Amino acid sequence: MPNPNVPLGAGAKPDSQADAVIAAHAGAPGGLLTILEKLQELNRHKYLPIETLKYVAQKTGTPLSQVYSVATFYSFFNLEAQGDHTVCICRGTACHARGSRNLLNNTKLMLGITERDSEKVSVTTPDKHFTVRTVACFGQCALAPVVEVDREIYGRMNERELRKVVGKIGE
Ligand code: FES
């Protein structure tokens, strides 16, 4: 019986759930992808700690390097803990031309994230309340600059409006 505190990392659901997911999908076509997807969903902070990757490798008999490759290839997998809320700012050309860098920097400033000038793709506040991410293009360039907050898309965003939307979540 695996140690419930080790394999899935902080914020994870009990191991029995992980074992059930692995048992249901191991060996099936695309099974590894499904397992990782479901385990990330089960994790309270929506990520795949290294312990989880090791656990999956061990339980499915897959080399850890292969599990790691899958987890790092697809952008929807997170290797770091995610916040309860996500602000995703488009950094594509159209959005950049319409001020998305300022939106990004001001959002980070507002949330107390100090690495304002960094173009790091994902950064989470220490209290894990917010994650600020960037994306290459939402495919809605006509609405630039585009921002997604908790999966809701906002077009022609400006700093004042974004501050209002993010502020409401933080209340
Ligand atoms: S560049 Fe931002 S939506 Fe396309």
Side-chain angles (χ1 to χ4, degrees), residues 8-13 21 25 29-50 52-53 56 65-171:
L8 298 179
K13 299 274 171 107
V21 165
H25 302 283
L32 181 56
L33 204 58
T34 308
I35 288 168
L36 293 178
E37 235 178 317
K38 289 186 182 287
L39 293 187
Q40 176 168 285
E41 197 49 43
L42 285 173
N43 185 288
R44 179 166 170 239
H45 293 294
K46 306 295 178 229
Y47 80 120
L48 295 167
I50 187 66
T52 298
L53 302 182
V56 169
S65 59
Q66 192 181 329
V67 176
Y68 188 78
S69 297
V70 172
T72 51
F73 182 79
Y74 294 98
S75 60
F76 53 82
F77 289 129
N78 306 309
L79 297 184
E80 288 175 16
Q82 301 297 292
D84 301 323
H85 301 281
T86 303
V87 180
C88 188
I89 297 175
C90 181
R91 291 292 293 125
T93 308
C95 291
H96 176 76
R98 294 194 183 167
S100 74
R101 182 191 289 271
N102 281 346
L103 289 178
L104 177 62
N105 287 343
N106 285 325
T107 303
K108 285 180 177 174
L109 184 63
M110 177 184 176
L111 296 175
I113 296 168
T114 49
E115 26 179 319
R116 289 200 309 281
D117 296 326
S118 147
E119 285 290 320
K120 197 175 168 194
V121 170
S122 172
V123 56
T124 299
T125 54
D127 64 3
K128 309 239 183 327
H129 198 43
F130 281 98
T131 291
V132 178
R133 307 175 69 109
T134 60
V135 69
C137 180
F138 279 115
Q140 304 198 30
C141 311
L143 298 176
V146 181
V147 172
E148 185 189 66
V149 180
D150 286 345
R151 298 188 181 189
E152 189 164 339
I153 293 279
Y154 297 84
R156 300 198 178 93
M157 184 51 97
N158 59 54
E159 284 169 31
R160 210 182 60 185
E161 194 58 30
L162 185 53
R163 186 168 279 272
K164 227 176 7 185
V165 173
V166 172
K168 240 184 223 166
I169 292 171
E171 284 170 357

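In listed order, ligands and their atoms are each counted from 1. Here the structure is a predicted model, which means the values were calculated and not measured.
Salt-bridge check for K38 with E41: failed, with every basic side-chain N at 4.0 Å or more from each acidic carboxylate O.
With hydrogens and angles disregarded, a donor-acceptor distance shorter than 3.5 Å links the side chain of T125 to the backbone of F130. A donor-acceptor distance shorter than 3.5 angstrom exists from the side chain of S100 to the backbone of C90, with no hydrogens or angles considered.
Of all the heavy atoms of C90, the ones lying under 4.0 Å from any atom of ligand 1 belong exclusively to the side chain.
Residue contact annotation: C137 places no N/O/S atom under 2.8 Å from atom 2 (Fe) of ligand 1.
Listed by number with element, the atoms of ligand 1 under 4.0 angstrom from any heavy atom of Q140 are 3 (S). Ligand-side atoms of ligand 1 in range of C95: 1 (S), 2 (Fe), 3 (S), range being under 4.0 angstrom from any heavy atom. Under a 4.0 Å criterion applied to the non-hydrogen atoms of G92, ligand 1 contributes the atoms 1 (S). When each atom of ligand 1 is checked for a heavy atom of F138 under 4.0 Å away, the hits are 3 (S).
Looking at H96 and R101, their side chains never bring a donor and an acceptor atom within 3.5 Å of each other.
The CD1 atom of I89 sits 3.5 Å away from atom OG1 of T107, with the distance rounded to the nearest 0.5 Å.
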